[in-house]
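Taking it in order: structure first as structure tokens, then the write-up.
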Number of protein chains: 2
Amino acid sequence: MTKTKHHHGNLKEALVTAGLALLEEGGIDALSLRKCAARAGVSHAAPAHHFDGLPGLKSAIAVEAFGIFSSYLQTAVDEGEQSAQARLKNLCRGYMQFGLDHGGLLAVIFGGAGLASYVPGAGKEEAHAYLILREVCAPFVGDHDDKRVIEAQVWSLIHGFTLLYVSGEFGPPHGQDGPFEAVMDLLNRIGNRPAP
Amino acid sequence: MTKTKHHHGNLKEALVTAGLALLEEGGIDALSLRKCAARAGVSHAAPAHHFDGLPGLKSAIAVEAFGIFSSYLQTAVDEGEQSAQARLKNLCRGYMQFGLDHGGLLAVIFGGAGLASYVPGAGKEEAHAYLILREVCAPFVGDHDDKRVIEAQVWSLIHGFTLLYVSGEFGPPHGQDGPFEAVMDLLNRIGNRPAP
DNA sequence: AGGCAATCTTGACGCCGTAAAGTTAACTTG
DNA sequence: CAAGTTAACTTTACGGCGTCAAGATTGCCT
């Protein structure tokens with residue numbers, strides 16, 4: 001942990017933290033290698049020793065952002081009403097709210113080479129966000145249904161709505177959540193409706 | 001139309017055309033003011049006299065791309081089976097196929113300041129793509145339904161699916177269209193089911 | 001103590017968007 | 001038709017960007 005002229009201590013982590021801050025402050029366009037380096041108090045070429053260029057740094061930031069995203073979803077699912085329908089809508093509301101509150105993080109998560117490359121383990125199946133999605137969708141999967149179909153339907157619907165909503169296609173996103181409720185009504189028809 | 005040393009003839013159009021070509025060849029990252037200018041045979045500062053910087057050029061390109069997108073959707077809707085259900089699925093298939101075939105154009109269309117700023121008229125309601133969406137959704141709008149709800153549901157679902165599918169979240173997009181059919185099954189439950 | 005590898009700095013290169021000033025062509029006006 | 005004006009484009013320059021190559025410093029290992 002000694003911080004001398006040529007040894008920062010934990011530069012890798014500091015660069016990722018700086019990147020997250022830049023994303024929160026100025027969105028995806030504000031993220032640059034040189035600004036991360038400057039914010040970490042290091043020369044512009046230092047990051048090259050820890051990441052494979054800008055894409056590598058972005059990937060490392062995306063891993064962290066994906067973790068924050070997952071926590072966000074978990075919190076949203078667990079609060080409020082706890083029926084299967086409500087938990088499904090809670091998940092979607094958390095997804096949308098994350099897009100509104102942390103657009104830069106969402107952009108770095110989904111603007112890269114795919115989520116599969118961010119999860120540390122072998123397959124994407126172990127990522128926290130996937131587990132939440134699977135668990136929340138489970139009550140809606142009928143005996144003869146493919147659970148991946150239900151999950152893909154929910155994911156597509158909320159992902160598309162969030163991106164369109166955040167970019168203002170359904171009107172200014174700061175008003176009532178009418179559009180959200182309207183689109184999420186489609187969830188009431190998904191899969192096998194579970195007992196309330 | 002005289003093309004002298006200081007008068008290109010129709011530079012504005014040439015720059016947009018060059019931009020579309022760059023997008024098709026190298027995606028959104030390959031689009032730059034200087035490359036558009038070079039491809040149009042003009043100095044790098046020339047575009048400034050026709051567009052308000054790079055965002056202005058991108059907007060002009062997005063207008064054109066949006067027109068291509070609309071034609072793409074119209075063609076998809078009009079071919080194949082012509083039941084209301086089939087036309088709805090045709091629309092979505094065209095949306096997805098456009099994302100696969102012209103990812104750069106889709107990125108410039110939805111990566112900017114919102115579609116509303118691209119349509120020439122006053123409101124977005126007159127844009128061709130909106131008219132197609134509205135027309136295809138109309139048979140599913142019940143007497144006491146808000147048609148905008150149905151349209152937003154369809155748009156969100158196909159938009160989210162397309163972006164996730166193109167970026168590989170449902171597996172390599174070059175295989176069978178299983179994911180598409182699976183997600184689009186949700187459309188069978190939308191609105192009031194019309195007579196076949 | 002000596003050697004070595006990791007870490008960070010410095011400098012340079014080419015590409016980028018943008019602004020300012022200069023040049024040429026076309027149009028307008030008397 | 002000649003002079004003045006405007007529009008279109010070029011040239012030059014600046015700072016920021018990602019990236020590479022070379023050099024300096026540090027800590028570890030033998």
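Residue numbers start from 1 in every chain, and the chains themselves are labelled A, B, ... in the order their sequence lines are given, proteins ahead of strands.
When the nearest nucleotides of DNA chain C are assigned to B/Ala30 and A/Arg34 by heavy-atom distance, the more 5′-ward of the two goes with A/Arg34.
For CZ of B/Arg148, the number of neighbouring non-hydrogen atoms (other residues, nucleotides, ligands) closer than 6.0 Å is 12 at most. More than 12 non-hydrogen atoms from other residues, nucleotides or ligands lie less than 6.0 angstrom from CD of A/Glu24.
Residue contacts shown for B/Lys12 are absent, as no nucleic acid heavy atom lies under 4.0 Å away.
Rounded to whole angstrom, the span from the NZ atom of A/Lys58 across to the P atom of D/dC17 amounts to 13 Å. The interatomic distance linking B/Leu54 (CG) with C/dG17 (P) rounds to 5 Å, in whole Å. The nearest whole Å value for the distance from the CG atom in A/Leu31 to the C1' atom in D/dG18 is 12 Å.
In summary, A/Lys89 and A/Glu181 engage in a salt bridge, as defined by a charged side-chain N under 4.0 Å from a carboxylate O. B/Glu79 and B/Arg93 are not joined by a salt bridge, as no carboxylate oxygen comes within less than 4.0 angstrom of a charged side-chain nitrogen.
Using the six-membered ring where Trp is involved, A/His102 and A/Phe98 have ring planes that are tilted, between 30° and 60° apart.
When the side chain to side chain contact (heavy atoms under 4.5 Å, CB included) test is applied to A/Ser32, the partners found at least two apart in sequence or on another chain are A/Arg34, A/Lys35.
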Could you list the protein-to-nucleotides 3-10 of chain C atom pairs, N/O on both sides, closer than 3.5 Å?
| residue | atom | partner | partner atom | Å |
| --- | --- | --- | --- | --- |
| C/dT7 | O3' | A/His6 | O | 3.3 |
| C/dC8 | OP1 | A/His8 | N | 2.8 |
| C/dC8 | OP2 | A/His50 | NE2 | 2.6 |
| C/dC8 | O4' | A/His6 | O | 3.2 |
| C/dC8 | N4 | A/His49 | NE2 | 3.1 |
| C/dT9 | OP1 | A/Ser43 | N | 3.4 |
| C/dT9 | OP2 | A/Ser43 | N | 2.5 |
| C/dT9 | OP2 | A/Ser43 | OG | 2.6 |

